[in-house]
Amino acid sequence: MDTLFSHVSIVTMDDRMSVWTDSFLGVTDGKISYLGKKAPEEQPQTIIDGSGMVLMPGLINCHTHLPMTILRGYADHLDDRAVKAAAQLAIAECLRFGVTSVSDMYDHCDAICQAVAESGIKANISRGMTMFLGDEFDFEKFPACQELVALRDKWQGYDNGRIKIEASVHAEYTSTYQLWD
């Protein structure tokens, strides 16, 4: 056993949503290997005293625009460096409050993926697209679509699937149906 959390309150997520107080949870190779009201006989490599703490599954934020943490709609024209710094701040806030996975839609997605890769958080990243070209649309030539393809080629499945790349339209009112198709 690699790590044992001792004397911790555990939210089990079983059918009854049981909470075990003053309990023990062991982890081996990144997976739960022990759960009990008494300490296991096996000696772990590391013991973390969880007295007064709660151990629970991470939260998932299903709608984020990470860089907007500091931009708040003012400066969508900023560069990748500013977007990455803003994404790093947002990720730090997420992790501090127990969010371990996000679904994010923005542009400058390569910079966001770099921040995600460095942080350890799990993320589904989509390049938000807008378009009003009508019948002239060609996926192979539309710049946002080409950014999406490059993003997928570089980041899809990164770190055993921790980063996933998805396609998205910004909204039904900011694009025509050819982009949705």
Side-chain angles (χ1 to χ4, degrees), residues 2-3 11 13 17 27 29-32 48 53-181:
D2 302 325
T3 305
V11 178
M13 301 300 293
M17 298 298 289
V27 177
D29 295 327
K31 296 186 184 214
I32 295 173
I48 298 174
M53 296 182 191
V54 175
L55 192 60
M56 62 182 246
L59 302 173
I60 299 170
N61 187 334
C62 296
H63 186 131
T64 62
H65 306 284
L66 294 171
M68 297 300 289
T69 296
I70 62 171
L71 303 179
R72 306 286 189 225
Y74 290 96
D76 291 342
H77 67 283
L78 291 180
D79 62 18
D80 282 349
R81 191 171 140 244
V83 168
K84 182 179 177 188
Q88 288 171 319
L89 173 62
I91 291 167
E93 290 175 352
C94 286
L95 292 171
R96 181 173 186 272
F97 293 105
V99 174
T100 59
S101 179
V102 297
S103 292
D104 192 76
M105 181 186 72
Y106 201 68
D107 57 12
H108 298 274
C109 292
D110 189 62
I112 295 168
C113 286
Q114 290 172 19
V116 167
E118 292 169 11
S119 72
I121 200 168
K122 182 179 178 190
N124 293 36
I125 305 293
S126 64
R127 166 62 167 93
M129 293 186 256
T130 59
M131 184 201 72
F132 296 102
L133 297 176
D135 293 333
E136 301 170 26
F137 174 70
D138 180 353
F139 180 89
E140 300 298 325
K141 295 179 183 174
F142 192 61
C145 292
Q146 294 313 297
E147 287 176 33
L148 176 63
V149 169
L151 193 69
R152 181 204 61 205
D153 291 347
K154 182 175 181 180
W155 291 105
Q156 175 65 16
Y158 176 85
D159 194 19
N160 294 313
R162 190 165 54 83
I163 297 177
K164 293 185 177 162
I165 304 302
E166 299 175 336
S168 68
V169 293
H170 176 265
E172 73 282 358
Y173 55 84
T174 60
S175 62
T176 50
Y177 73 90
Q178 291 88 346
L179 184 61
W180 315 340
D181 211 8

Checklist line | With Lys84 via side chain to side chain donor-acceptor pair (under 3.5 Å) - residues at least two apart | finding: Glu118
Note to self: Working to the nearest 0.5 angstrom, can you tell me the gap between Phe142 CZ and Leu148 CG?
What the structure shows: 11.5 Å
Margin query: Restricting to side chain to side chain donor-acceptor pair (under 3.5 Å), what partner residues turn up for Lys154, sequence neighbours left out?
Written below: Asp110
Notebook entry, point to check: When rounded to the nearest 0.5 angstrom, what is the spacing between CD in Gln114 and CD in Gln88?
Noted result: 9.0 Å
Check: Is the backbone of Val116 close enough, under 3.5 Å, to the side chain of Arg162 for a donor and an acceptor to pair up by distance?
Finding: yes
Check: Got Val11 and Met13 here, is their nearest side-chain heavy-atom distance under 4.5 Å?
Finding: yes
Kindly list each side-chain donor-acceptor pair under 3.5 angstrom involving residues 96-104, sequence neighbours excluded, with atom names and distances?
from	atom 1	to	atom 2	distance (Å)
Asp104	OD1	Thr64	OG1	2.8
Asp104	OD1	His65	N	3.2
Asp104	OD1	Leu66	N	2.5

Check: Roughly how far, to the nearest 0.5 Å, is CZ of Arg127 from SG of Cys113?
Finding: 12.5 Å
Note to self: A quick test of your reading: do over 12 heavy atoms of other residues, nucleotides or ligands sit less than 6.0 Å from CG of Leu59?
What the structure shows: yes
Item checked: Nearest heavy atoms of Ile70 and Ala82, plus distance in Å -> CD1-O, 4.5 Å
Next item on the list: With sequence neighbours excluded, give me every ring pair (Phe, Tyr, Trp, His ring centres under 6.0 Å) pair touching residues 149-169.
Entry: Trp155-Tyr158
Margin query: Distance check, rounded to the nearest 0.5 Å: Glu166 atom CD versus Leu151 atom CG?
Written below: 11.0 Å
Next item on the list: Not counting sequence neighbours, which residues clear side chain to side chain donor-acceptor pair (under 3.5 Å) with Thr174? List them please.
Entry: His170
Margin query: Measuring from atom CD1 of Ile60 to atom SG of Cys94, what distance do you get when rounded to the nearest 0.5 angstrom?
Written below: 12.0 Å
Checklist line | side chain to side chain donor-acceptor pair (under 3.5 Å) partners for Ser119, two or more places apart | finding: none
Notebook entry, point to check: Do Met129 and Cys145 touch side chain to side chain, with heavy atoms closer than 4.5 Å?
Noted result: yes
Note to self: With rounding to the nearest 0.5 angstrom, report the CD1 to CD1 distance, Ile121 to Ile163.
What the structure shows: 10.5 Å
Checklist line | Heavy-atom closest pair, residues Pro67 and Ala86 | finding: O-CB, 3.3 Å
Next item on the list: Taking all non-hydrogen atoms of both residues into account, name the closest pair between Ala87 and Ala115 and its distance.
Entry: CB-CB, 3.9 Å
